[in-house]
Each structure stands twice: as C-alpha cells, then as structure tokens.
Amino acid sequence: MVARRKVAVVGAALSDCGRVDDATPYALHAQAARRALADAGLDRTLVDGFASAGLGTLAPVEVAAYLGLRPTWVDSTSVGGSTWEVMAAHAAVAIATGRARAVLLVYGSTARADVRAGRRTGTLSFGTRGPLQFEVPYGHTLIAKYAMAARRHMIEYGTTIEQLAEVAVQARANAALNPEAMHRTPVTVDEVLAGPVIADPFTKLHCCVRSDGGAAVLLVAEEYVRDCRTSPVWVLGSGECVSHAAMSEWPDFTVSPAAVSGRLAFERAGVRPSEIDVAEIYDAFTYMTLVTLEDLGFCAKGEGGAFVEKGRLRVEGGELPVNTDGGGLSAQHPGMRGLFLLVEAVRQLRGECGQRQVRRGDGTLPRLAVASGTGGWFCSSGTVVLGAG
C-alpha cells in the first residue's frame, strides 16, 4: 500500500477580475495559472496534474493544451459552484497516494463581458432536459429555486428578510476593505430591502454580482514544500455530497448538502466548527450563506437568522469572519466561484490580506479555515478544511 503524503496549497492567485472587457476566458485561465505558479515559486514542469471545468468541449484537455501542460492526472468534475472544493479533494487524494506530485486547479470566465457584448444572456435556466423537464413548465428559473428555498426557511423557522439582508450588508462591509472588490460602498438593511425584487423574497442586493475573472490554486506533495517561496497551507480534510437533481426530489429545503460534506470534512480534519477562524462560503444569494452556516455546524438549524444579525460575519469585530473578500455578493462572481473561496482562505491563513486580514483574539493570524462551495440549486456541496503551515 502506498504511504500517504501530506498535501499543501503553495500557490494561490487571481487573474484580473471585475470588469475585464479585453480578455478571453482562456487568457484569464493563463493569467491566473502563471500568477499561482509565481506565487509558489515553482516551475510549470513540476505540474503533472491538472483540473479544470466550464470551458471548452473537452475540458480540461483544451485548457491544459492552451497552458502548455501535458498532465498525467486530470479531473473535469463539474458540479457547479462546488466544483473546485470537490476537485481540491480529489487532487489531495491523488497527491497523497502518489498518483500526482503537483496539481493545478484553474478557472476563468468572462461572464459579465459576454453579456455586455451580446455573446450570451443571463443564466435563467440550466435547460429543459432530463429531470428538469418536469419543473420548467412551472417557471422555475435558477434564481426562483433559491428564493423558494429561502421562503421555506422563513416559514419554518421565522427567519426574517431583514436577517437575510444582514448577510448582504456584512459582505459589503468586508468588501469595503478589499481594494479589488467590485462594489465597496457600504449598504444598510433598508437599502437592501428597498431594491427591485428579482425573485421573492430576494431583491437585487440579495443576489450575487456578475463579473469577469479567474483563479488558480497549486497543490503539491509535502516534499516539494521546501522549494516554495510561500508558507504552506495544509489540506486537513474534505468532504463532498450530491443531494438532488430536481427541486421536487429535495427532501428538505432548509437543509443543504453541506450538512454532509461539512461533517465529513471536519471529521477527517479532526477539528470542530468552533475551532475555525475564517469561513469562505459560496454566496450566490444571501440564503446560501445563512443555511450553510447552519449546516456546517456554526449554529443550530433554524438559528442562522439570529446568528448573522449580530454582525458575526464581519472582518472587523466579527466572531466568525465570513467571505472576507466581500464574497460573490460584493467582490466578484464570474460563474463557478468555488475556486475563489480557496484562494481567499489560503491568503487569510498566510496573512496576506492587508486591511481585511483576520486576526484572532490574541492578535495572531488565523490557524484554521474552511471553504465550502455549493453547486446547482443546492444540488451539490464540497467542503475543505485548511490549516496554516
């Protein structure tokens, strides 16, 4: 049996993000990949594993070819926003068991620029084939599915629209500390509630921004850490779970698959939710943050509203800083944002976040972070627990 090696993230970077009108998705992939390799101080010839999804007919073949890579281990798992946490888990296992020595995860999208140029429209539906054919006639847009789940939580547990709005307010407060965030002007609960309704109960600011951008993360076996210019961030544990294909098959709209992926990740990492210093959570909509906090065990089921309304998610003064870069609600959201969660978690653990840097109560840098991605309409979840070197 192959001895298991420890696995570390040694490179983490973003491409240009936000409003990028003059780049292709391939160019953003390449820019993020180059920056991640430079961050690690390693040459691309070390990379023998590659993971990519969302671009090209034969992902990740086309993207690897564009980057000049010839990997002997590949992953093209595509489960929406949780793709990158799931891929990171797969890569960590491959490295730990000797299937690969260095795996590069890359994503890039021009979602915003494409809409502006008329190359695509807004994503209202994922199609009408398979199980989805039974829901499309009833007008189930992507946003409406999330809104319906949020309304169920409000009915079941008394969660208020003001509490959901607090998630957007605190995400914007964190974004105000991030010079690379798309939207940095503070907002109030009243301003969130006064916006145009997109899908009841969501107004505009309950929904993520649409941006351009890319991200990359490099994972390596422990023996290569000494050659890197950065401090390692260790992959301590991970979990993944898929729940349902159609909303009618979802047993409980108030429980996401993060309830399973989170439990597995924490168990495998040997840590408790109460020990986590920083949480990066997929937030295409405010309800996603709230319900994922519950399902990861940061508060009891039904108590998410009370948990978020006390300012706990803020970098400045929050008990559990969440989405410290401003998240998808304010920083950037170019599509499948899960890889951005990993980049921000790594940067926080390495102490590289400037004004938005999280500090523990004693003034030291955070030691433990969790990144939890959600895909589809709460169809899938991937959770990764990371530890500072």
Side-chain angles (χ1 to χ4, degrees), residues 6-14 36 39-40 84-85 88 92 167 170-171 173-181 215 217-219 225 228-239 258 262 265-283 289 292-293 296-299 307-308 310-327 330-331 337-373 382-389:
K6 292 173 63 178
V7 179
V9 178
V10 294
L14 303 182
D39 182 55
W84 307 101
E85 282 67 36
V167 175
Q170 294 175 61
N174 292 344
L177 306 175
N178 178 11
E180 297 181 341
V217 162
L218 179 66
L219 299 93
V225 166
C228 298
R229 58 175 296 275
T230 55
S231 299
V233 170
W234 301 101
V235 178
L236 303 181
S238 63
F266 286 126
E267 287 177 355
R268 291 164 181 169
V271 303
R272 299 183 300 274
S274 60
E275 298 177 77
I276 296 296
D277 300 309
V278 179
E280 308 297 342
I281 292 173
Y282 207 97
D283 62 339
T289 302
T292 305
L293 285 167
L296 292 179
F298 292 114
C299 59
F307 184 87
V308 303
K310 300 184 184 301
R312 287 188 172 97
L313 315 186
R314 294 175 181 259
V315 169
E316 295 181 332
E319 295 175 26
L320 178 68
V322 173
N323 296 338
T324 49
D325 62 346
S330 288
R337 191 178 181 270
L339 196 51
F340 291 75
L341 309 180
L342 291 168
V343 171
E344 180 68 10
V346 169
R347 288 177 166 177
Q348 284 289 343
L349 292 178
R350 297 196 310 206
E352 299 172 346
C353 291
Q355 193 178 0
R356 72 179 187 277
Q357 180 61 54
V358 171
R359 297 278 176 178
R360 295 173 12 142
D362 59 1
T364 59
L365 292 174
R367 302 293 301 169
L368 292 171
V370 63
S372 189
T383 304
V384 179
V385 178
L386 301 168

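From a predicted model like this one, the values you see are computed outputs, not experimental measurements.
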So, does [X] use its side chain to make a donor-acceptor pair with the main chain of [Y] at under 3.5 Å?
X      : Y      : value
Asp283 : Gly327 : no
Tyr282 : Ser372 : no
Asn174 : Val322 : yes
Gln348 : Ala369 : no
Arg268 : Ser238 : yes

Counting only heavy atoms not in Arg272, do more than 12 fall under 6.0 Å of its CZ?
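No, because the 6.0 Å sphere around CZ of Arg272 holds 12 heavy atoms or fewer from other groups.
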In terms of heavy-atom contacts, does CD of Glu180 have more than 12 from other residues, nucleotides or ligands at under 6.0 Å?
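It does not: Glu180 CD has 12 such atoms or fewer within range.
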Shortest non-hydrogen contact from [X] to [Y]?
X      : Y      : answer
Ala331 : Arg337 : CB-NH2, 4.4 Å
Val358 : Pro321 : CG2-CB, 3.7 Å
Leu296 : Phe266 : O-CE1, 3.3 Å
Ala371 : Leu342 : CB-CD2, 3.8 Å
Gly297 : Pro273 : O-CB, 3.8 Å

Taking only residues two or more places apart in sequence or in another chain, which ones pass side chain to side chain donor-acceptor pair (under 3.5 Å) with Asp39?
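With sequence neighbours excluded, Asp39 shows a side chain to side chain donor-acceptor pair (under 3.5 Å) to Arg350, given in chain and number order.
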Once salt bridge (Lys or Arg N to Asp or Glu O under 4.0 Å) is applied, do any residues pair with Arg367, and if so which ones, sequence neighbours excluded?
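Result, salt bridge (Lys or Arg N to Asp or Glu O under 4.0 Å) vs Arg367: none returned.
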Could you check whether Glu85 and Thr383, counting side-chain N and O atoms only, form a donor-acceptor pair closer than 3.5 Å?
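Note: Thr383 and Glu85 side chains miss the donor-acceptor criterion.
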Decide side-chain hydrogen bond (donor to acceptor under 3.5 Å, both in side chains) for Thr324 and Glu280; before the verdict, give the C-alpha distance in whole Å, the side-chain angles of both, and the deciding distance to 0.1 Å.
CA-CA 7 Å; Thr324 49; Glu280 308 297 342; 2.8 Å; yes
Just to verify, what does Ser231 make a side-chain contact (heavy atoms from CB on, under 4.5 Å) with, not counting sequence neighbours?
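Per chain and number, Ser231 pairs via side-chain contact (heavy atoms from CB on, under 4.5 Å) with no residue.
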Is there a side chain to side chain contact (heavy atoms under 4.5 Å, CB included) between Asp277 and Arg360 once you walk through the steps?
CA-CA 7 Å; Asp277 300 309; Arg360 295 173 12 142; 3.5 Å; yes
Between CG on residue Leu368 and CG on residue Leu236, distance to nearest 0.5 Å
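The CG atom of Leu236 is 6.5 Å from CG of Leu368, to the nearest 0.5 Å.
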Where do Val217 and Leu339 land on the side chain to side chain contact (heavy atoms under 4.5 Å, CB included) test, with the steps shown first?
CA-CA 8 Å; Val217 162; Leu339 196 51; 3.8 Å; yes
Full working for side chain to side chain contact (heavy atoms under 4.5 Å, CB included) between Leu313 and Leu320
CA-CA 5 Å; Leu313 315 186; Leu320 178 68; 5.5 Å; no
Salt bridge present between Asp325 and Arg356 (N-O < 4.0 angstrom)
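Looking at Asp325 and Arg356, the cut-off is not met.
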